[in-house]
Amino acid sequence: MPLDIASAPDRPVLNAAAMSVPALKSDFLRVLVARGYIHQCTDLEALDAAAAAGPITAYIGFDATADSLHVGNLVSIMLLHRLQQTGHRPIVVMGGGTTKVGDPSGKDESRKLLTSDDIAANMASIRTAFTRFLKFGNGRTDALMVDNAQWLDRLAYIDFLREYGPHFTINRMLTFDSVKLRLEREQPLTFLEFNYMLMQAVDFLELERRHGCALQMGGSDQWGNIVNGVELIRRMDAKPAFGLTTPLITTSSGAKMGKTAAGAVWLNPDRLSPYDYWQFWRNTEDADVGRFLKLFTDLPMDEIARLEALQGAEINEAKKVLADEATGLLHGRDAAAAARAAAEAAFEQGRLSQDLPTIEVARAELEAGVQIAALAADAGLASSRGEARRLAQGGGLRLNDEAITDGARLVTLADLRDGAIKLAAGKKKIVLVKPS
C-alpha cells in the first residue's frame, strides 16, 4: 500500500513510497516502512542517515485524559517499541502539563478540564501499560518516562510569550488541521486550546536540550503540532530535528480502530479483561488480519505473509494467532493462553471457564428479577438497553445457550447453572453473571 507522505509547511518531505525498503540505510525505518507505520515524515532521507549513524532519541506524548490508554493509542506505543527494538532510545512523555490545556486535534469541542489530582491519578494508572512494551533503565537505549509538567508548570506567561511567541504566526497556525477543521465546522476553539500547539513545540525543544531528542512521533492528527516543534528547534538551537506520523488506523469497513458497540478497548486490565482484549483481536475483519499482524505483533514478516495468505475458514486460525500475540504483548503469555482456552471452551466446546468475564449482581436483584436487556447492557454486551432489546429481537441474545427474543424477559436466581448465569451476545461475546 503506497505511503501518503504529505508536505510539511515550508519544509520538503521525501516521498517514502518511491523508496524500496533495501534503499533505506537504517533498520528502524526499514522496519517502519515494511510494517506500514509511516504516514508523514519531515525529511525521511536525513532521518534515515541519522538513524543509521547511531542511536537516536525519539519521543511520543500521551495526555492523561483517562485512567487508561486504549487501542487507539497502541500504534504509537508500538512505534516506540519498534524504535527500541532497532537500537534507539524512546522517551514516553506524560502530559501532566498539556492535559491541563487539552489538545484540540481531531475534536469538535473542548475537552473537559481535569483537576491536578485527576491528572496525577490518571498518569499513575496508565504508566503500567508501557512496561510491557519498553525496557526502562539508565542504559543508552533504555526507555525514559518524563512528565512535561516539569517545565511547563514553571513557565511565566509573559516570559513564555516573549521567548517563544515570535517564532509562531497566527496566519500559519490557522492553516493546521487541528485549528482549521474546528473553525470550518463553526465549533468554538478556546484561546486555551489555541496555545496547545505552542506548548507541544516547547516540549520538543526541552527534550532536545535535556536529552538530545531529535525526533517526535505521533498520529497523523499531530502533524501540525510536530512540525511546529521541528521548526522551533531549528530556529532557536540550529539543530536537526525530525517529525514522523503514523496513519489513522481504520478497519477495512471504514470504522475507527478500537471502537466497539460496548465502548473503547482499554489497555488496563481493570478496565477491560484480558479475555475481552483477546476477543477484540479474534474478531478482526478478514481483510485486516495481515495489516494488524504487522502493526501489533512481533511475528516475523515471513510468518505474517503465510498467515495472511490463508483463505476461507483457515483465516480464523490467523485471527487466533493475532489475538494470542497482541494479548501476550500487553498482558503476558499466560493471560493470553488463559483467554484463548476460555474462548475455545465456551464457543467450541460449550463449557464455562472461570477466565470468562464476570459481573456480580446483588442477590436481592436477581431474586426480584432483572430484565435481560438491562443485564446485557450493564454487562457491556450492548451499548444501551435499546440496542440489547433489538439484539434480542434478532435472535442474537442468549441465556444459558438458549436464544431469548424478548428483551423484557426476567433473569432470576432460577437461571443459575453451577453458580453462574451465562449471558451471550452473538457468537463471540460471553459474560458470566454471579450473585453477590
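Because only heavy atoms are used, hydrogens play no part in the values below, and waters and symmetry mates are left out as well, while side chains stay in. Every value quoted in this text rests on a predicted model; they were computed, and no experiment measured them.
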Intermediate values then yes/no, side chain to side chain contact (heavy atoms under 4.5 Å, CB included), T65 and N122: CA-CA 7 Å; T65 55; N122 287 346; 5.8 Å; no
Student check: side-chain heavy atoms of T128 and L267 closer than 4.5 Å: no
Check: S125 main-chain N/O paired with N268 side-chain donor or acceptor under 3.5 Å: yes
Check: T327 side chain, D324 main-chain N or O, donor-acceptor pair, under 3.5 Å: no
Side-chain donor/acceptor of Q84 to backbone N/O of K135, under 3.5 Å: yes
Where A335 and P274 come nearest, the two heavy atoms and their spacing: CB-CB, 4.1 Å
Under-4.0 Å salt bridge between K320 and E317: yes
Pairwise distance CD(E360) to CG(L432) - rounded to 0.5 angstrom: 11.5 Å
Distance (rounded to the nearest 0.5 Å) between C41 SG and D48 CG: 9.5 Å
Between OH on residue Y277 and CZ on residue R271, distance to nearest 0.5 Å: 14.5 Å
M217 vs L80 side-chain heavy atoms within contact, under 4.5 Å: yes
D118-T115 side chain donor-acceptor pair, cut-off 3.5 Å: yes
For E285 against S252, the heavy-atom pair lying closest together: OE1-OG, 2.6 Å
Reported CD1-to-OG distance for the pair I56 and S26, which is rounded to 0.5 angstrom: 7.5 Å
Salt-bridge contact E325-R333 (side-chain N to carboxylate O under 4.0 Å): yes
Sub-4.5 Å side-chain heavy-atom contact between L299 and V321: yes
Stepwise side chain to side chain contact (heavy atoms under 4.5 Å, CB included) check, D221 with L248: CA-CA 8 Å; D221 62 337; L248 174 66; over 6 Å; no
Side chain to side chain contact (heavy atoms under 4.5 Å, CB included) assessment of L83 paired with R89: CA-CA 7 Å; L83 181 80; R89 186 190 191 194; 5.8 Å; no
M145 side, atom CE; Y59 side, atom OH - distance, nearest 0.5 Å: 15.0 Å
Minimum heavy-atom distance between W281 and A323, given as atom pair plus value: CB-CA, 3.6 Å
Sequence neighbours excluded, every pair satisfying salt bridge (Lys or Arg N to Asp or Glu O under 4.0 Å) that has a member inside residues 237-253: E208-K239, R209-D237
D147 side chain to A149 backbone, donor-acceptor under 3.5 Å: yes
Test side chain to side chain donor-acceptor pair (under 3.5 Å) applied to W266 and D67, step by step: CA-CA 10 Å; W266 300 105; D67 61 1; over 6 Å; no
Closest non-hydrogen atom pair, R234 against A241: NH2-O, 2.6 Å
Short side-chain donor-acceptor distance under 3.5 Å, N148 and T98: yes
Within-4.5 Å side-chain heavy-atom neighbours: L391 and L381: no
D286 side chain reached by K319 side chain, heavy atoms, under 4.5 Å: yes
Any donor-acceptor N/O pair, R306 side chain to D302 backbone, under 3.5 Å: no
Check: T141 side chain, G87 main-chain N or O, donor-acceptor pair, under 3.5 Å: no
Side-chain heavy-atom pair T297, L322 within 4.5 angstrom cut-off: yes
D334 atom CG, neighbour heavy-atom count above 12 within 6.0 Å: no
Test item: F204 and I233 side chains (from C-beta on) under 4.5 Å apart, heavy atoms: yes
Contact list for residues 114-148, test ring-ring contact (aromatic ring centres under 6.0 Å, His included), sequence neighbours left out: F62-F130
A318 versus V289, closest heavy-atom pair with distance: CB-CG1, 3.9 Å
Residue pair L310 / I315: nearest heavy atoms and the distance that separates them: O-CD1, 3.7 Å
Pairwise side-chain contact, I38 with L29, heavy-atom cut-off 4.5 Å (strictly under): yes
Whether R30 side chain and K25 backbone form a donor-acceptor pair below 3.5 Å: yes
Rounded distance (nearest 0.5 Å) linking atom CG of L114 with atom NZ of K100: 11.0 Å
Exam field: side chain T99 to backbone A64, donor-acceptor pair closer than 3.5 Å: yes
Backbone N/O of A374 and side chain of R385: donor-acceptor pair under 3.5 Å: no
Residues, nucleotides or ligands: over 12 heavy atoms within 6.0 Å of R140 CZ: no
Donor + acceptor pair across side chains of D298, Q85 (<3.5 Å): yes
Side-chain donor or acceptor of H70 paired with backbone N/O of G72 under 3.5 Å: yes
Q216 and Q200: side chain donor to acceptor below 3.5 Å: yes
Side chain to side chain contact (heavy atoms under 4.5 Å, CB included) assessment of L207 paired with W151: CA-CA 10 Å; L207 291 167; W151 52 85; 3.9 Å; yes
